[in-house]
Amino acid sequence: MTTQKPTWIPLLVLLAVAVLALFTTSVPGAMPTEGLDTGDTAWMIVASGLVLLMTPGLAYFYGGMVNHKNVISTMLQSFIAMGVISVIWIVFGFSLAFGDSLGGWIGDPRTFFMFNGVFDHKLSLGSADQLKFTIPFALFAFFQMKFAVITPALISGALAERINFRAFVLFMVLFCIVVYAPLAHWTWHPDGFLFNLGVLDFAGGTVVHMSAGWAALAGALYLRRRKSHIESNILPPANIPYVLLGTGLLWFGWFGFNAGSAVGANGLAVTAFATTHVAAAAAGLSWILFDVTRGKKVSALGFCIGAVVGLVAITPASGFVTVPVAIFIGVVAAIVSNIAAHWRASSNLDDTLDVFPCHGLGGMVGMLMTGIFATTAVNAAVVEQGLFYGETALFLKHLLALAIVSAFAFGASYILLVITDKIIPLRVNEEEERLGLDISQHDESLAE
């Protein structure tokens with residue numbers, strides 16, 4: 001058994017939050033019922049559960065791809081997000097993302113501090129009153145919580161097999177506050193500056209996947225290469241069936257992720273459901289067939305990675321494009337990510353599980369494809385149609401947003417990594433890396 005220096009600080013912080021909750025919580029009034037729809041509410045409860053299921057799915061997806069010495073540690077990095085980010089979201093995270101806007105850049109943390117007012121809040125959001133809900137506002141808040149949970153978990157794949165667990169948790173907290181919450185506010189709050197610019201992101205290509213992808217790239221660069229990567233001694237994936245299981249859970253949960261972003265049981269949800277499935281199917285095929293052109297065998301791992309790339313790429317476009325276009329998006333995104341992943345594998349960049357090539361580039365492809373193929377025929381919220389339909393304004397706005405979000409997500413994440421490293425060393429030592437993070441960080445191991 002390995003030991004590490006005990007610390008009371010994390011527990012004291014949690015206890016302080018628990019005590020603070022007792023003294024700041026007021027008794028909620030009656031939940032507003034005017035305008036609520038029971039069918040929409042039922043669907044959104046299910047959708048919220050589906051999105052949460054994606055995080056355990058991600059744990060299996062990532063856990064199956066690392067070597068056997070790091071399976072538990074890698075999976076736990078996803079599970080711990082469900083605990084840490086959920087608490088932060090209640091305390092002030094939801095307020096930062098969806099509270100009263102401070103200049104279009106961030107929400108006022110006091111608006112829904114400790115979730116006060118969420119259960120008796122009016123069914124609208126923003127000074128312009130653009131978003132009106134047929135579901136309880138609290139349900140919308142919990143639906144959005146699941147997005148905040150999975151985003152930092154996505155980053156863990158790039159840092160796998162060499163990240164100090166305590167440092168990762170601290171970075172996750174800082175990332176949620178400094179990167180995720182502002183991006184969610186910019187993009188989805190009616191007073192957010194990207195929202196008002198006219199940028200479209202139906203379910204999180206910008207907020208979730210691009211932010212995670214750029215943070216993953218920053219992390220891979222800052223942490224530098226694993227010793228096994230330097231020695232070209234990369235061990236094979238621990239468990240391909242885990243990857244298959246994780247892909248199935250992600251694919252299933254993604255219906256809540258995208259179709260749930262219609263915020264109702266309606267025709268738009270059906271469109272998002274359909275485009276999501278078709279893009280994943282096309283991308284899985286595209287990945288393995290592109291491998292075949294390189295002389296490689298058809299692999300289960302390849303199909304799984306391709307399908308997830310398709311899910312990533314369709315996310316921002318899922319409620320704005322037609323079903324046939326989803327095939328195109330899936331095929332193109334898989335080829336782009338496949339090329340990038342192969343280039344990464346031959347480079348000195350040690351992004352352990354290709355988070356940037358798959359989630360970062362996949363999200364960017366999806367964002368640009370939304371600017372090309374978004375149409376009013378699918379969603380009346382599309383004010384300016386995509387480039388494919390002869391209009392240029394939306395595509396140019398998406399190019400601008402891509403540049404802004406990329407610079408912000410990468411730059412802020414890198415700074416947060418530096419800060420985290422000053423507080424808790426980010427990188428495990430060489431002996432801990434050799435031993436494996438399961439043993440060195442958790443005193444647990446995968447039975448063989």
Between [Y] and [X], is there a side-chain donor-acceptor contact under 3.5 Å, judged purely by atom types and distance?
X      : Y      : result
Trp214 : Ser406 : yes
His277 : Trp254 : no
Thr134 : Asp37  : no
Arg166 : Thr7   : no

* Mind telling me whether Trp89 and Phe98 have parallel, tilted or perpendicular rings, with 30° and 60° as the class edges? =>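 Rings of Phe98 and Trp89: perpendicular, as their planes differ by over 60°.
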* If the plane angle is over 60° it's perpendicular, under 30° parallel, otherwise tilted; pick one for Phe273 and Phe255. =>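 Rings of Phe273 and Phe255: parallel, under 30°.
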Validation row, ring centre [X] to ring centre [Y] under 6.0 Å:
X      : Y      : answer
Phe147 : Tyr180 : no
Phe142 : Phe137 : no
Phe195 : Trp188 : no
Tyr62  : Tyr242 : no

* **Salt-bridge present (Glu384, Lys397; N to O < 4.0 Å)** =>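 A salt bridge is present here (some side-chain N lies under 4.0 Å from a carboxylate O).
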* Between Asp354 and Arg344, is the closest basic N to carboxylate O distance under 4.0 Å? ->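 Asp354 and Arg344: salt-bridged.
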Where [X] and [Y] come nearest, the two heavy atoms and their spacing:
X      : Y      : result
Met367 : Leu402 : CE-N, 3.6 Å
Ala381 : Asn379 : N-OD1, 2.8 Å
Met172 : Pro152 : CG-CB, 3.4 Å

* **Min side-chain heavy-atom separation Val308-Leu250 under 4.5 Å** =>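 Side chain of Val308 against side chain of Leu250, heavy atoms only: contact under 4.5 Å found.
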* Heavy-atom side-chain proximity of Phe112 to Phe92 below 4.5 angstrom ->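 Sidechains of Phe92 and Phe112: no contact.
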